[in-house]
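See structure below.
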Amino acid sequence: MITAYEPQKIEPKWQKIWNDEKAFAATNDYSKPKYYALVEFPYPSGQGLHVGHPRPYTALDIVARKRRMEGYNVLYPMGWDAFGLPTENYAIKNHIHPRIVTERNVAHFKNQLQSLGYSFDWDREINTTDPNYYHWTQWIFLKLFKTGLAYKTEMPINWCTSCKVGLANEEVVNGKCERCGSDVIRRMQTQWMLKITAYADKLIDGLDSVDYIERVKVSQKNWIGRSTGAEVDFSLEDSEDKLRIYTTRPDTIFGATYMVVSPEHPFIEKYADRIENMDEVRAYREAAAKKSDFERSELAKEKTGVELKGLHAINPATGKPIPIWTSDYVLMSYGTGAIMAVPAHDERDWEFAKKFALPIIEVVAGGNVQEAAFTDVASGKMVNSGFLNGLEVADAKKTIIDWLTEKGLGQAKVNFKLRDWVFSRQRYWGEPIPIVKCEKCGYVPLPEEELPLLLPDVESYMPTDNGESPLAAMTDWVNTTCPCCGGPAKRETDTMPQWAGSSWYFLRYTDPLNDKALASPEALKYWMPVDWYNGGMEHTTLHLLYSRFWHKFLYDIGVVPCPEPYQKRTSHGMILGENGEKMSKSRGNVVNPDDIVREFGADTLRTYEMFIGAFELAAAWSTEGVKGCRKFLERVWKLQDMLTDEDSYSAAMETRMHQTIKKVSGDFESLKFNTAIAAMMSLVNDFYRAGKVTRAEFSTLLILLNPVAPHMTEELWALYFGPSRIYQQSWPQYDEAKTVEQTVEIALQMNGKMRGTLVIEKDAPKDEVLAKAKEALAARLDGVTILKEIYIPGRIVNLVVR
RNA sequence: GCGGGUAUGGCGGAAUAGGUAGACGCAACGGACUUAAAAUCCGUCGGCGGCGACGCCGUGCCGGUUCGAGUCCGGCUACCCGCACCA
């Protein structure tokens with residue numbers, strides 16, 4: 001009589017044993033082949049683990065466990081991305097130090113993760129708020145500063161008038177503060193910036209060398225937004241001055257019938273005395289400035305603008321004067337803040353020209369430019385364009401750029417949508433920026449020996465009225481001496497954003513205790529790059545881009561051995577509530593993983609989350625579905641009753657065994673966990689039908705299932721195959737020849753319609769199969785002519801008849 | 001508007017290179033066991049027609065290629081996720 005399946009008993013037992021035996025610790029034996037599997041480390045929020053977390057963690061846990069069984073030295077680490085706003089806000093509200101809140105949350109998260117039986121190497125646990133960790137975050141910042149990639153500049157930030165705090169864009173919802181609902185205004189503030197734009201080309205080009213799922217590559221490319229075009233100078237009538245514009249269509253320059261500058265363009269103030277309607281222009285500019293980003297996009301449909309009366313530019317191609325307008329559809333932040341408008345071949349210019357009755361001149365034939373802008377660049381020849389007439393668009397581009405360059409009027413130019421990274425936060429709970437400001441020497445980096453610059457304990461970490469970080473109130477800490485001249489100086493009081501710590505954490509796991517460097521060159525050389533990194537799509541454009549940027553920078557200064565941090569990147573879908581909506585407290589559809597573990601066990605939760613559907617797509621939670629997975633594990637458990645002493649596969653099951661090993665092995669590699677589990681369910685159903693399972697069959701099944709349901713399979717292994725551990729076993733092998741059935745059932749079709757099936761020997765000759773097929777279909781073949789006979793071995797016979 | 005994704009039974013979802021649509025699971029129904037229920041085990045389970053072997057229809061919609069299309073091509077529709085006047 002076998003015991004009942006009680007995950008609540010066996011799961012904690014094995015978790016302790018694995019922990020005591022250090023079963024999953026990566027070794028420093030650099031002679032073994034390595035495999036580095038990585039999942040995004042969580043932000044330890046007060047809410048605890050969400051059922052969304054186990055999906056990617058289980059997926060790569062499966063990969064990691066399989067790799068160990070295949071003989072690799074596997075690094076599958078976990079840590080905490082623990083700096084950040086929610087913790088600080090919670091601390092402010094409840095008057096607890098953020099460090100205490102973080103400790104508490106980390107303990108809770110760790111407990112929850114351990115209850116799920118992940119094979120993380122807990123000896124390498126890291127925490128971004130640990131001074132031994134952020135020491136190196138600060139060190140990287142110093143390197144960026146010394147290379148000129150970190151700089152300070154004044155720029156507008158989102159400022160909540162009620163909370164008196166700078167907000168991230170994500171915290172501004174419809175122009176209001178996410179938390180208090182008050183108005184958010186734009187306010188100028190000095191900020192640290194990182195020059196990620198210097199790496200724009202490398203970040204795009206590097207994508208060719210890595211194995212990321214296609215949609216991730218596409219998103220990154222779109223976000224960086226490389227465009228190639230030209231800058232052209234338009235001279236001002238009655239002046240030596242020039243107005244520089246950026247265009248991707250220099251070929252259409254003969255069709256430029258007016259110009260538009262952004263309302264913030266310095267040109268406007270410069271020529272204020274020549275602009276006849278300056279009052280009107282100023283009023284327009286103020287109205288545009290007042291619009292929030294939200295309003296700007298809401299009103300995007302209708303173009304607005306004002307002509308700068310009294311000013312004209314000269315179209316360098318035609319030599320004719322054209323008017324200059326200002327409109328908020330031209331952004332100061334992109335290109336030069338000024339454009340040449342070609343209404344015939346640009347939709348926005350066309351709309352604007354129609355509204356203000358500006359001339360539309362066709363320069364590329366192929367459309368009706370009075371009806372709509374003709375933007376096709378693949379067809380059509382140049383017209384009304386002087387020396388460009390008759391050329392294709394692509395040739396015209398080259399010709400005009402050469403001409404402009406030769407005349408000194410312009411040159412080819414590449415632009416990016418990507419902006420430099422705003423790296424300052426006026427917040428307490430982040431890494432201090434290791435810079436002091438000296439009256440004499442300016443911004444001076446702290447000497448590397450003085451790192452880490454500890455985040456001081458403050459009395460109050462409440463935000464201040466003037467928008468400075470709470471650290472600014474700590475005069476003892478702020479006032480210091482200049483490392484350069486020894487004179488009085490003040491520390492930088494802004495802290496780094498949450499993205500900082502996560503931009504290099506994968507490097508630290510390779511050598512987490514190192515106090516001489518962020519990691520030893522040997523460890524980096526052995527472990528890097530990450531072989532497989534899985535994470536959410538929401539991190540594609542921020543975290544993934546930022547960390548690639550830092551890594552490429554560290555590569556350029558010789559700290560890391562490879563130009564890309566991640567060899568392979570995959571992404572999982574979200575887990576939605578039972579009603580198909582996103583899980584949230586307000587919708588009341590949140591499922592707590594602890595409840596599932598308590599009621600059904602961790603193995604069931606893991607199995608269910610892998611079985612729920614295609615890994616990369618969103619999937620709705622179903623508690624009934626969870627029960628089904630528990631039932632499957634029960635059925636595996638009860639195979640004990642049918643176990644025979646045979647140490648080989650039974651004749652009837654041999655093919656099935658080899659097929660299943662092949663299927664499960666392949667599906668685990670391609671993230672098709674749902675079909676891998678389905679194959680194992682099928683196999684178990686077959687054992688039930690046979691009423692028996694041999695020891696060899698059972699042990700193979702247990703190993704195949706182990707990565708998904710590690711506790712139960714470890715327990716059954718100990719009961720029947722011990723004293724070794726299942727995690728020490730080798731991954732089962734299959735024999736390709738033995739995966740093929742001796743007899744196959746093929747379909748019989750007439751004119752492509754199903755007319756029956758036929759069981760034949762696997763490699764029966766074509767003639768024989770066709771003869772049998774005709775025999776089987778004899779009744780239908782009366783009085784018809786066979787025009788064609790198609791036989792696809794193992795699949796179908798199709799007779800084309802008349 | 002642009003970019004990306006998705007569309008298959010009552011439901012979640014399967015279908016390598018075009019080749020028996022609906023694997024596996026859930027729910028439902030029937031049977032066995034039970035005093036009974038739960039659990040478990042066995043079975044049925046796309047729609048319409050027929051007592052029946054069987055026939056017709058069927059993978060969002062319209063059209064095409066092919067002996068054969070969920071899969072390929074052209075043209076739509078709906079929903080989801082990004083970005084949002086990037087010249």
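Naming convention: chains lettered A, B, ... in sequence-line order (proteins, then strands); numbering from 1 in each chain.
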Rounding to an integer number of angstrom, what distance separates B:C67 and B:G22 when you compare their C1' atoms? 24 Å
Dot-bracket for RNA chain B, please. Rules: Watson-Crick or G-U, both distances under 3.5 Å, ( ) within the strand, [ ] when a pair crosses earlier ones, | for another strand, . otherwise. (((((((..(((......[....))).(((((.......))))).((((....))))..(((((..]....))))))))))))....
Among B:C67, B:G3, B:A87, which is the nearest nucleotide to the side chain of A:Thr247? B:A87
Could you check how far NZ of A:Lys753 sits from C1' of B:A69, rounded to whole Å? 13 Å
Taking the side chain from A:Glu609 and the backbone from A:Arg55, do they hold a donor-acceptor pair closer than 3.5 Å? yes
Determine the Euclidean distance between corresponding P atoms of B:C24 and B:U44; express it in Å to zero decimal places. 11 Å
Considering every strand and a 4.0 Å limit on heavy-atom distances, what is the contact class for A:Ala614: base, sugar-phosphate, or nothing? sugar-phosphate
On RNA chain B, nearest-nucleotide positions of A:Val800 versus A:Leu617: which is more 5'? A:Leu617
Above 12 or not: heavy atoms from other molecules or residues under 6.0 Å from CD of A:Glu599? no
Name the nucleic acid region contacted by A:Asp349, choosing base, sugar-phosphate or nothing; use a 4.0 angstrom heavy-atom cut-off, strictly under. nothing
For the base of B:C83, is there a side-chain donor-acceptor partner from A:Lys417 under 3.5 Å away? no
Does atom NZ of A:Lys582 have more than 12 heavy-atom neighbours from other groups under 6.0 Å away? no
Within the structure, does a side-chain N or O atom of A:Lys631 lie under 4.0 Å from either OP1 or OP2 of B:C26? yes
Is the count of non-hydrogen atoms from other residues, nucleotides or ligands lying under 6.0 Å from A:Lys354 atom NZ greater than 12? yes
By the rule that syn is within 90° of 0, classify the base conformation of B:G9 as syn or anti. syn
If I pick the P atom on B:A7 and the same atom on B:C72, what distance separates them, to the nearest angstrom? 12 Å
Nearest to side-chain heavy atoms of A:Tyr688, which nucleotide of B:C42, B:C67, B:C85: B:C42
Among B:U20, B:A87, B:G19, the one nearest any side-chain atom of A:Ile792 is B:G19
Could you work out the separation of B:G74 and B:U65 based on their C1' atoms and round it to a whole Å? 11 Å
A:Tyr329 ring centre to A:Lys303 NZ or CZ under 6.0 Å, with the angle to the axis within 45°? yes
Please report, rounded to the nearest Å, how far the C1' atom of B:A87 is from the CZ atom of A:Arg249. 11 Å
Is A:Ala618 touching bases, backbone alone, or none of the nucleic acid, heavy atoms closer than 4.0 Å? sugar-phosphate
Nucleotide B:C67, atom P - distance to CZ of A:Arg755 in whole Å: 18 Å
B:A17 to B:C42 separation - P atoms, rounded to the nearest Å: 34 Å
Below 4.0 Å: OP1/OP2 of B:C42 and any side-chain N or O of A:Asn685: no
With the side chain defined as heavy atoms from C-beta on, A:Phe611 is closest, among B:G12, B:A87, B:G4, to B:G12
Counting just side-chain N and O atoms, does A:Ser219 come under 4.0 Å of either OP1 or OP2 of B:G3? no
Rounding to an integer number of angstrom, what distance separates B:C83 and B:G75 when you compare their C1' atoms? 27 Å
Could you work out the separation of B:C57 and B:U40 based on their C1' atoms and round it to a whole Å? 39 Å
Remember a base hit wins even if backbone is also touched, and classify A:Thr540 as base, sugar-phosphate or nothing at under 4.0 Å, heavy atoms. nothing
With a non-hydrogen cut-off below 4.0 angstrom, is A:Glu789 in contact with a base, only sugar-phosphate, or nothing? nothing
Select base, sugar-phosphate, or nothing to describe what A:Gly335 touches, counting heavy atoms under 4.0 Å on all strands. nothing
Could you check how far NZ of A:Lys627 sits from C1' of B:A28, rounded to whole Å? 15 Å
Ordered by number, residues from residues 672-683 of chain A within less than 4.0 Å of RNA chain B (heavy atoms) are A:Lys672, A:Asn674, A:Thr675, A:Ala678, A:Met681, A:Ser682
For the pair made of OH in A:Tyr791 and C1' in B:G19, what is the distance, rounded to whole Å? 12 Å
Base, sugar-phosphate alone, or nothing: which one does A:Thr248 contact when heavy atoms must sit under 4.0 Å apart? sugar-phosphate
What nucleotide among B:U20, B:C67, B:G19 has an atom nearest to a side-chain atom of A:Ala747? B:U20
Whole-Å distance, A:Asn798 CG to B:C67 P, equals 10 Å
Are side-chain heavy atoms of A:Arg285 and A:Thr326 found at a separation under 4.5 Å? no
Heavy atoms under 4.0 Å, any strand shown: does A:Gln749 hit a base, just sugar-phosphate, or nothing? base
Is the CD atom of A:Gln411 crowded by more than 12 outside heavy atoms at less than 6.0 Å? yes
Using 30° and 60° as the class limits, which term best fits the ring planes of A:His265 and A:Phe267: parallel, tilted or perpendicular? perpendicular
Nearest atoms (heavy-atom pairs only) where A:Phe673 meets A:Ala59: CE1-CB, 3.6 Å
May I ask you to decide whether A:Glu616 forms a salt bridge with A:Arg215, counting only side-chain N to carboxylate O separations under 4.0 Å? no
Heavy atoms under 4.0 Å, any strand shown: does A:Ile245 hit a base, just sugar-phosphate, or nothing? nothing
Heavy atoms under 4.0 Å, any strand shown: does A:Phe416 hit a base, just sugar-phosphate, or nothing? nothing
Please give, in whole Å, the distance from B:G68 P to A:Ile746 CD1? 19 Å
CD of A:Glu231 to CG of A:Leu404, rounded to nearest 0.5 Å, is 11.5 Å
Minimum heavy-atom separation for A:Asn589 to A:Gly577, with atom names? ND2-CA, 3.8 Å
Atom pair distance, as rounded to whole Å: CE in A:Met610 and P in B:G25: 19 Å
Rounded to whole angstrom, note down the P distance from B:C48 over to B:G58. 15 Å
Nearest-nucleotide comparison on RNA chain B, the residue closer to the 5′ end among A:Asn222 and A:Glu634: A:Asn222
Select one nucleotide: of B:A87, B:G4, B:U20, the one nearest the side-chain heavy atoms of A:Arg215. B:G4
Between A:Glu634 and A:Lys631, does any side-chain N to carboxylate O distance fall below 4.0 Å? no
Please check the phosphate of B:U40 (OP1 and OP2 only) for any side-chain N or O of A:Arg635 closer than 4.0 Å. no
